[in-house]
Protein chains: 2
Amino acid sequence: MIKKNIQRIIQYRMCLLKFQNLGFERIFSYTLAQEIGVSPEQVRKDFSQFNLRGNKKAGYKIQDLLDKINELLHKEDIHKIILAGLGNIGKALVQYKGFINRNMQLVAGFDIDPAKLKKNCRIPVFHIDDMPKVIREEKARIGILAVPEQVAQEVCNQMVEAGIKGILNFAPVMLKTPEDVTVQNISVCNELEALIYMSEKTTDKKEKEKKGKKRK
Amino acid sequence: MIKKNIQRIIQYRMCLLKFQNLGFERIFSYTLAQEIGVSPEQVRKDFSQFNLRGNKKAGYKIQDLLDKINELLHKEDIHKIILAGLGNIGKALVQYKGFINRNMQLVAGFDIDPAKLKKNCRIPVFHIDDMPKVIREEKARIGILAVPEQVAQEVCNQMVEAGIKGILNFAPVMLKTPEDVTVQNISVCNELEALIYMSEKTTDKKEKEKKGKKRK
DNA sequence: TTTAATTTGTTAATTTTTAAACAAAACCTT
DNA sequence: AAGGTTTTGTTTAAAAATTAACAAATTAAA
Ligand SMILES: NC(=O)c1ccc[n+]([C@@H]2O[C@H](COP(=O)([O-])OP(=O)(O)OC[C@H]3O[C@@H](n4cnc5c(N)ncnc54)[C@H](O)[C@@H]3O)[C@@H](O)[C@H]2O)c1
Ligand SMILES: NC(=O)c1ccc[n+]([C@@H]2O[C@H](COP(=O)([O-])OP(=O)(O)OC[C@H]3O[C@@H](n4cnc5c(N)ncnc54)[C@H](O)[C@@H]3O)[C@@H](O)[C@H]2O)c1
């Protein structure tokens, strides 16, 4: 399970880069908090936990924070990522230009469909059977799973077997992995259902309030 | 903020459907827990909180749970969803066939690029300027944001103005919305960075353990 | 019919996460 | 240089989420 504070550190980092690009050198917990939607105390607590220190009255030095966070997140080197499944989602990811700015690189794709192989010229696409070999050669440790749910667990197993330690899973299945392999699920449908629930809940609440008023 | 228990309820639902399709009529908290990776106590607690009841010794009746969860999640009717941005991600979503099984329907897309309009024939695609009108006509309440980050807040504002109450945001920005509008962010890069952090952390730990052994 | 086994559901305890409080440091003003 | 203001960082408190514990219910077995 990934801790909340690390997820926020990742957000702070993006925010710090933004402010640095705007020409700022220093920043307050209040500003960061505002920006990512938490309390300033939360920001200070997070920083404190990772030993990121600022100056009283003068706030935090952006470059300083970035250096320390970059170290924490191992941003000094480029991380290789492999991708299984070059369907709709896979193709979108291959086209995405935002990875390299963040020191990540899609180094190879894999599919079972011969039509998908080598067609997308942005990254080399191999047959899924070559995945173990390529993962080992590239020493990749992070994989993205964008295959149909029916084969998700199977492809996951192959990744784990080849040494992958973190999997970003788009398939709507709960993958079973050894405990040293972390899985993060992205489920568009689940998120949408949660949004629908929230939206109905707030309207339900409003209607209740309305009725309450009427009774008065 | 969306509560954790609702997110699990959504997962239980998928799991229940799976077991129902396999021919089961009843299920135990233990089985569901196993399946989605939580403790059986958690499952029972969640069910208890939403007044989903089972039989001691005989577990839960799947159909019963599904009926109640469907009501809870407003699954009786099909929910209309609109999509802003028909680039890489937008196109992938348009192609996705999994929405309708879950009572959700992409009813319209919007883009600023004339080349994108009406080209994807699966759903009608309008110019972004028509979004307010179409949202109101369709009475859509949920929107997906898949536009470049530079215009994300602006398009978000237009959605909110037109009555959207839940936004699934793919852009790497923290959107500002009124508190009755819920936002869920999907950030592939953040998730990958978190996975990288975890994978490095576990290897760090292992190396430490190794060293510890050597010393002995 | 009685006993044993099993599983729920609630209550209590624990852990994790978030928020509040406030002293200490740094800076600014006078 | 003194006093006031601001902002950090730590400590304490509160809230939220998870886990544990166990009584009550139900079924199966003896
Ligand atoms: N497209 C979306 O918007 C969307 C939304 C939510 C969830 N998902 C999920 O994401 C996953 C991918 O979705 P998609 O729309 O890209 O699917 P898709 O069918 O377009 O692509 C799947 C790809 O995986 C390949 N594949 C099949 N079996 C394989 C195997 N054994 N090894 C390697 N590759 C294999 C197929 O050839 C295909 O190219 C699915 O599990 C889907 O449920 C997609
Ligand atoms: N593609 C990915 O895999 C990926 C990964 C992570 C994050 N994202 C994020 O998701 C978002 C979409 O990514 P993408 O790769 O699909 O981008 P894209 O550039 O392929 O598509 C963006 C689309 O938005 C349209 N657009 C631009 N301005 C608009 C406006 N004002 N109103 C309506 N439409 C407008 C463009 O015409 C284009 O069709 C971006 O914010 C990106 O950072 C994408």
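Quick caveat: nothing in here was measured; it's all calculated off a predicted structure. Letters A, B, ... mirror the listed sequences (proteins, then strands); counts begin at 1. All heavy atoms count here, side chains included; hydrogens, waters and symmetry mates do not.
- Side chain to side chain, B/Asn88 and A/Tyr96 fail the donor-acceptor criterion of an N or O pair below 3.5 Å.
- The NZ atom of B/Lys3 sits 21 Å away from the P atom of C/dT16 (whole-angstrom rounding).
- Aromatic ring centres of A/Phe28 and A/Tyr60: separated by at least 6.0 Å.
- Listed by residue number, the members of residues 41-50 of chain A with any heavy atom below 4.0 angstrom from DNA chain D are A/Arg44, A/Lys45, A/Ser48.
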Distances under 3.5 Å between nitrogen or oxygen atoms of protein and nucleotides 26-30 of chain C:
from   : atom 1 : to      : atom 2 : distance (Å)
C/dA26 : O4'    : A/Lys56 : O      : 3.2
C/dC27 : O2     : A/Lys57 : NZ     : 3.4

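- Distance CE (A/Met1) to P (C/dT17): 10 Å, rounded to an integer number of Å.
- Contacts of B/Tyr30 with the nucleic acid, taken as non-hydrogen atoms under 4.0 Å apart, are absent.
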### Task
List the steps and the verdict of side-chain hydrogen bond (donor to acceptor under 3.5 Å, both in side chains) for A/Glu25 and A/Gln63.
CA-CA 7 Å; A/Glu25 291 199 345; A/Gln63 189 56 59; over 6 Å; no

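- Residue-level contact check: B/Arg26 touches neither bases nor backbone, having no heavy atom under 4.0 Å from any strand.
- Checking the phosphate oxygens (OP1, OP2) of C/dT8, a side-chain nitrogen or oxygen of B/Ser29 falls inside 4.0 Å.
- Distance CG (A/Asn5) to C1' (C/dT17): 10 Å, rounded to an integer number of Å.
- Using a distance-only test at 3.5 Å, with no hydrogens or angles considered, no donor-acceptor pair links the side chain of B/Arg141 to the main chain of A/Ile196.
- Salt-bridge check for A/Arg13 with B/Glu193: passed, with a basic side-chain N closer than 4.0 Å to an acidic carboxylate O.
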### Query
Do A/Met104 and A/Arg102 pass the side-chain contact (heavy atoms from CB on, under 4.5 Å) test, and can you show the C-alpha distance, the side-chain angles, and the key distance before you say yes or no?
CA-CA 6 Å; A/Met104 297 186 287; A/Arg102 294 178 70 163; 4.1 Å; yes

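- B/Ser39 has a side-chain polar atom (N or O) that falls below the 4.0 Å cut-off from OP1 or OP2 of D/dT19.
- Considering A/Phe50, A/Phe47, A/Phe19 in turn, A/Phe47 is the only one that fulfils the ring-ring contact (aromatic ring centres under 6.0 Å, His included) rule with A/Tyr12.
- A salt bridge between B/Lys18 and B/Glu35 is present, with a side-chain N of the basic residue lying under 4.0 Å from a carboxylate O of the acidic one.
- A close approach under 4.0 Å does not occur between any side-chain nitrogen or oxygen of A/Arg53 and OP1 or OP2 of C/dA25.
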